[in-house]
Asker: 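Questions regarding the structure given below will be posed in turn.
All values reported here derive from a predicted model rather than from experimental measurement. Atoms within each ligand, like the ligands themselves, are counted from 1 in listed order.
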Amino acid sequence: MLTGKRVRLRALEPADSEAMWRWYHDPEVGRWMNSEPPISLAQNLEKGQNRPRNTFEQMVLGIETLDSRRFIGYVALGDTDFPQGEAILQSIAIGDRDHWGGGYGSDALRVICRYAFEEMGLHRVMLWVVADNTAAVQAYRKVGFVEEGRRREAFRTRGKRYDYLMMGMLSSELR
Ligand SMILES: CC(C)(COP(=O)(O)OP(=O)(O)OC[C@H]1O[C@@H](n2cnc3c(N)ncnc32)[C@H](O)[C@@H]1OP(=O)(O)O)[C@@H](O)C(=O)NCCC(=O)NCCS
């Protein structure tokens with residue numbers, strides 16, 4: 001269920017923490033994400049030891065390549081509203097930049113959305129993305145997300161303001 005054409009999604013392990021810590025501090029990976037102050041490796045290792053277990057309401061999954069079993073990123077789905085049949089795709093990152101543009105991000109999106117629709121029985125998945133984050137917008141569009149709204153100048157980074165797009169996908173629209 002959590003395996004695609006290029007990636008497999010799995011629970012995060014404590015051993016993943018060092019890579020997560022490197023990605024957290026990579027300005028290119030975080031270019032279009034909310035910035036947070038630096039944290040020490042020790043703090044991140046502790047966080048990795050005490051990670052809450054995944055639930056249908058809130059999960060963070062590691063992204064691993066199918067061929068070499070390499071840990072290259074993570075994806076988070078949460079705020080699940082079962083009565084309404086909707087969850088929020090909160091974050092996705094291919095932290096290992098050597099793997100950007102190789103189809104891993106879109107495959108991971110496909111896998112997590114298929115899981116949301118087929119396993120969790122949801123009707124919709126939605127997300128917010130900075131409009132200028134071309135790679136992410138393109139990856140979301142590729143798997144079936146469409147633009148549903150725009151929060152103008154709501155994201156500020158490096159002294160400039162950008163719009164946020166709200167994108168959503170119905171279960172029938174996954175490609
Ligand atoms: C967004 C992200 C997950 C996409 O993953 P990826 O594996 O690099 O993307 P894919 O290789 O699956 O590409 C998906 C589509 O986007 C396009 N794309 C990828 N990088 C692009 C770029 N820099 N500019 C324009 N299009 C790009 C690809 O060409 C592909 O479209 P196509 O098949 O029609 O050609 C990845 O770039 C990333 O981790 N970025 C940093 C974190 C981030 O911004 N996350 C999203 C916000 S939370």
Asker: What about S91: any of its N or O atoms under 3.5 Å from an N or O on ligand 1?
Answerer: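 For ligand 1, there is no N or O atom that lies under 3.5 Å from one belonging to S91.
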Asker: Which pair of heavy atoms, one from A93 and one from V29, lies closest together, and at what distance?
Answerer: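 Result for this residue pair: CB-CG1, 4.3 Å.
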Asker: Could you tell me whether atom 27 (C) of ligand 1 has at least one protein heavy atom nearer than 4.0 Å?
Answerer: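 Protein heavy atom within 4.0 Å of atom 27 (C) of ligand 1: present.
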Asker: Using a strict threshold of under 4.0 Å (side-chain N to carboxylate O), is an ion pair present between R10 and D16?
Answerer: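 Salt bridge: yes.
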Asker: To the nearest 0.5 angstrom, please state how far the OG atom of S91 sits from the CE atom of M33.
Answerer: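 That separation rounds to 4.0 Å.
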Asker: Show your reasoning for whether side-chain contact (heavy atoms from CB on, under 4.5 Å) applies to R31 and R158.
Answerer: CA-CA 9 Å; R31 175 77 180 88; R158 302 182 191 180; 3.4 Å; yes
Asker: Are any of the N/O atoms on Y140, whether in the backbone or the side chain, positioned under 3.5 angstrom from an N/O atom of ligand 1?
Answerer: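 Such a contact does not occur with ligand 1.
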Asker: Can D26 and R97 be counted as an ion pair, charged N to O under 4.0 angstrom?
Answerer: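 Salt bridge between D26 and R97, a charged N being under 4.0 Å from a carboxylate O: yes.
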Asker: Report yes if some N/O of I92 lies less than 3.5 Å from some N/O of ligand 1; otherwise report no.
Answerer: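 N/O-N/O distance below 3.5 Å exists for this pair.
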Asker: Can you tell me how far CE of M126 sits from CZ of F145, rounded to the nearest 0.5 angstrom?
Answerer: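 Taking CZ in F145 and CE in M126, the distance rounds to 9.5 Å.
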Asker: Test of understanding: given a 4.0 Å heavy-atom threshold, classify the contact between N133 and ligand 1 as side chain, backbone, both, or neither.
Answerer: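 The answer is the side chain.
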Asker: Of all the atoms in ligand 1, which lie at a distance below 4.0 Å from a heavy atom belonging to V29?
Answerer: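 Listed by number with element: 41 (C), 42 (C).
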Asker: Measuring to protein heavy atoms, does anything land under 4.0 Å from atom 35 (O) of ligand 1?
Answerer: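 There is no protein heavy atom less than 4.0 Å from atom 35 (O) of ligand 1.
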Asker: Could you tell me whether Y164 and W32 have their ring centroids closer than 6.0 angstrom?
Answerer: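 No; W32 has its ring centre 6.0 Å or more from that of Y164.
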Asker: Near A136, which atoms of ligand 1 are under 4.0 Å from a heavy atom of that residue?
Answerer: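 Heavy-atom distances to A136 below 4.0 Å select 1 (C), 46 (C).
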Asker: Does an N or O from G105, backbone or side chain, lie closer than 3.5 Å to an N or O of ligand 1?
Answerer: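 Such a contact does occur with ligand 1.
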Asker: Under 3.5 Å between some N or O of ligand 1 and some N or O of I94?
Answerer: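 The answer is yes, given that I94 and ligand 1 share an N or O pair closer than 3.5 Å.
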Asker: Could you tell me the residue and atom name of the protein heavy atom closest to atom 40 (N) of ligand 1, and the distance to it rounded to 0.1 Å?
Answerer: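 Scanning the protein heavy atoms, the shortest distance from atom 40 (N) of ligand 1 goes to W100 CZ2, 3.7 Å.
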Asker: Can an N or O of G103 be found at a distance shorter than 3.5 Å from an N or O of ligand 1?
Answerer: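 For ligand 1, there is an N or O atom that lies under 3.5 Å from one belonging to G103.
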Asker: Angle between ring planes, F71 versus W23, binned at 30° and 60°: parallel, tilted or perpendicular?
Answerer: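 It falls in the tilted class, 30° to 60°.
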Asker: Go through the side-chain N and O atoms of T55 and Q58 and say whether any donor and acceptor fall under 3.5 Å apart.
Answerer: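 Result is no, nothing qualifies.
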Asker: Give a yes or no on whether a salt bridge exists between K5 and D107, defined as a side-chain N under 4.0 angstrom from a carboxylate O.
Answerer: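 Salt bridge flag = no for D107 with K5.
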Asker: Could you say whether the N/O atoms of T134 and ligand 1 ever approach to under 3.5 Å?
Answerer: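 By distance alone, the answer is no.
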Asker: I'd like to check whether W32 has a polar contact with ligand 1, where a contact means an N/O of the residue lying under 3.5 Å from an N/O of the ligand.
Answerer: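 No, since none of the N or O atoms of W32 sits under 3.5 Å from an N or O of ligand 1.
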Asker: Looking at ligand 1, does any of its N/O atoms fall within less than 3.5 Å of an N/O of M33?
Answerer: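 No.
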Asker: For atom 5 (O) of ligand 1, is some protein heavy-atom partner under 4.0 Å away?
Answerer: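 It does: a protein heavy atom is found less than 4.0 Å away from atom 5 (O) of ligand 1.
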Asker: Taking 4.0 angstrom as the limit and counting only heavy atoms of S106, give me the atoms of ligand 1 inside it, by number and element.
Answerer: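 The atoms of ligand 1 under 4.0 Å from a heavy atom of S106 are 10 (P), 12 (O), 14 (C).
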